[in-house]
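The structure appears below as C-alpha cells.
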Amino acid sequence: MMYITKAMIEIRNLLQKVGQSNTVTLPAIVVIGSQSSGKSSVLESIVGHEFLPKGSNMITRRPIELTLVNEPDAKQDYGEFPDLGLHRITDFSLIQKNLTELNMSVSESECVSDDPIHLVIHSPRVPDLSLIDLPGYIQVAGENQPRELKRKISELCDKYIRGPNIILAISAADVDLANSTALQASRRVDPRGERTIGVITKMDLVDAEKGAAILSDRQYPLRLGYVGVISKLPTQSGLFKRDTGNVLATISRNEKTYFNSYPDQFGPDAGVNTGTVTLRKKLMQVLEQQMSSKLQVTTDAIHRELEETSYQFKVQYNEEPMTAEAYLAASLDDFKHLFHKFASSFGRPQMHELLKGALDQRVLDQLAARYWNKPISDLSTALPEPDSIADLPKADPKSPYWHLQLDTASSALTRLGVGRLATTVVASAVQANVDQLVSKSAFAKHPSARQVISDAASTVLADRAYTTSDGIEFSLKPYKYEVDIQQQEWQQGRDHVTGVLKTELDHCQGAMKNLENVVGGKKKLKEVMTFVDKARKGDIVAEGETRNGAGGFSAALLAKGREAVFLRDRADIINMRMLAVKSRQCKNLENKYYCPEVFLDAVATKLTQTAVLFLNVEMLNDFYARFPREVESKLSEQMHGGGLERFAREDPRIKRHLDLVKRKELLELVLAKIEGLNQMGSGDRGRELHD
Ligand code: GDP
C-alpha cells in the first residue's frame, strides 16, 4: 500500500477546502492529449469503468479533478461528487450522466471553464491517485466550434501543467510524435522531460516494429519514459458485460495477447514498457516519489500558513471561537431578550389605548352621521353665548326623537363588530412590533429568518383570532341592549371626548392649511369658498358648472373649495360642540340627550374595557407563551440540510469569522496529518513503498 500518496491526496483535498492556499500545492497527475488521441480510453482503463462523457460532439468543457481512493473493504465500486453532496453512486452510467450535465452547464459562448468538477471514485481495485482530466487539444477548430475554443483550451491546459504536477502526455501511435500536441505542450513547461510520462495509445494500429521504435524514442527523451497501451474497449459482445468494473481486466487481457505475440519487440528483453497495468504502477510510483519529495516543503508551508492564520485570528477576533450554532443561539437570545422587553411593556393599558383610539373614530362617525349633519345654517343661527349653550340637541330631553337618536347611535357602536375590530387592531400592533424587533435584532441581516419569525407571529396570532373575536362579542352581548353609565364614567368620558374633539379640530385645521398651500394661498382659497357658499345659498343663479369649472374657477379648484367649505363647517360644529361639552348641562349624566359626545365616549370606554380583559387572557398571554417556542421550532426547521451554515454566512462579518476559524481548524488537521507522516521516518516509508 502506498501510504504517503493516500495521505497526501487526503491532505491535498483538505487544502483545497482551505481555499486561497497559494503557498501549498501538492502534485496531481494532469492528463493532456489532442482530441481522439485515446485520452478518455486511457483514463477509463485506469479507473476500470466507463464513466466519461461520450458522443461525437462532446468536448470536455471543464477540468475533472478525479481522486481515486483505494478502499480494500469496499463491497462495490462507487463514485461521489462532494461539491454536489452526491454520495455512493454505484451506477457508473449515472456518474457519466452527471458529468455530461455538469459539462454542458458551461455555455457554448463561454467555451470552456476553469471551474473544476470534483469526482471521487472508491474501489478496492484502484490505486490512490489524484488525476486531472483536461479538455482535449484541438488541432483545427471545426466549423461549428467557436474560434476562441482552441485558444481557451490551450490556456486552461497551460495553467494545469505547471509544476509540481506530473504530466501524462497522451499521443496516438498512428500519429507522428513530432505532431503530438501533448508532447509539444509538455516540452514548453518541462523542457528536460523530468515530470512527463509519455503514453502511446493505439499500439495495435501500427506494426510492432514501428510501435517498439516509438516507445524507445530518443528524439523526445523523457526521464519517466514511455508506456505503450491498447485501451480500446472491445465492442460490446455477449462475453463483455458493461460496467462490471472489469474494464481493466478486459483491456489488460487484450494487451497481453497482443504484446505477447511480438516477444522480440515487446518482450522482457526489449527494454520497452507496455500495458495499462504497467502504466498504473508507474503512475503510482511517480506520484509517490513526487509526494515524498514534497513532504518537507509542504510541512513548512503549512506551518507558515497556520502561523499567519493564527495571528489573524488573534488580531482580528481576539481568539474568540465562532460556530454557526453558537451564532444562531446568540441571535436567538438577543431576539428573545428584545421580545421580553417588549412583552413587559405591552399589556392591558397599551391595548386599551389602541382600541379606544379605534373606537374614538367610530364615535366621531356616529356623531357626524346622526348629530352633526344638520344644515350649517341651523347651527350658525343658534350660536348662543358659551354659557347658555344648549344646542344640538336642544330639544326636549323627553322627546322620543332624541332618545331614539342616542339609542341608535349607542347600539350602532356596540354592534359594529368590536370583537373583530379589537382582535385586528391588537394583532396588527403586535405583528408590527415583532417586525420592528426583528429589524433591530441580529436577525435583521437574515432575510429568510426574518420571514420565518414574522410568519411565526402571524400564525400564532391568527390561531387565536377567531375564538378571541367570538368571545369578545359574546361578553359584549348585554351592552347591545342597555348600557348603564355611572356618574364617574360620565365625568371621564367628558374629559376624554374633549381631547378627541380637540384632536379632530386640529386635523381639520391642518387639512385646511394644506388646502391653502395647494391652491396657492389663503386669499385664493377664500375666494373659491365664497363662490361655493354663494352657489349653495342660491345667490348665484346656477353654478353652470361644466368640466371646465365655473365663476372663473377651474373644476379642480372648485373641488378644493368645496372641500374647504366642508372642513370649515366641520370645524365650526366641533368648536360649538366643544363648548357644549364644557357647558354646565353636560356636567350631569341626567342630560345625556344634550351631550351625545360624552355618552358615546363612555360607551366606547366600557366596550374597550371588556374587550381588553378578554384580549389579554385569550390572545396576548397566549401569544407571549407560544410565540418564542414557535420561532425556535420554525427556525430549527429552516436550519436543516446546510441551512444553518447558509444562515450564519449571510452576515458578512460572521462569514469572515467562520472562514478564518475553519481555515485554522483545517490547517491544524492537515498539520497533524503531515507531521504524522514525517514521524514515520524514512525507514518505515521505504518499507511501505515496497509493500
Ligand atoms: P479522446 O478524444 O482522446 O478522449 O479519445 P477516445 O478515448 O474517445 O478515443 C478516440 C477513438 O479512438 C475511439 O473510437 C476509441 O475507441 C479509439 N481508441 C482509443 N484507444 C484505442 C486503442 O488503443 N486502439 C484502437 N484501435 N483504438 C483506440
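One-based numbering, in listed order, for ligands and for the atoms of each.
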Test item: protein heavy atom less than 4.0 Å from atom 19 (C) of ligand 1: yes

Identify whether the distance between the nearest side-chain nitrogen and carboxylate oxygen of Lys664 and Glu668 falls below 4.0 Å. yes

Salt-bridged, Glu10 to Lys673, with N to O below 4.0 Å? yes

Relative to Tyr78, does Arg88 satisfy both conditions: NZ or CZ under 6.0 angstrom from the six-membered ring centre, and within 45 degrees of the ring's axis? yes

Nearest non-hydrogen contact to atom 11 (C) of ligand 1 from the set Met203, Glu255, Lys202 belongs to Lys202

Report task. Identify whether the distance between the nearest side-chain nitrogen and carboxylate oxygen of Arg188 and Asp158 falls below 4.0 Å. Result -> yes

Counting heavy atoms under 4.0 Å, the part of Leu205 that contacts ligand 1 is side chain

So for Asp204 against ligand 1, with non-hydrogen atoms under 4.0 Å, the contacting part is side chain

Nearest non-hydrogen contact to atom 5 (O) of ligand 1 from the set Gly33, Gly38, Ser45 belongs to Gly38

Q.
Under 4.0 Å from atom 14 (O) of ligand 1, is there at least one protein heavy atom?
A. no

For Ser231, the ligand 1 atoms with a heavy-atom partner under 4.0 Å come out as 20 (N), 22 (C), 23 (O)

Please determine whether a side-chain nitrogen of the Lys or Arg among Lys159 and Asp114 lies less than 4.0 Å from a carboxylate oxygen of the Asp or Glu.
yes

Please determine whether a side-chain nitrogen of the Lys or Arg among Arg304 and Asp300 lies less than 4.0 Å from a carboxylate oxygen of the Asp or Glu. no

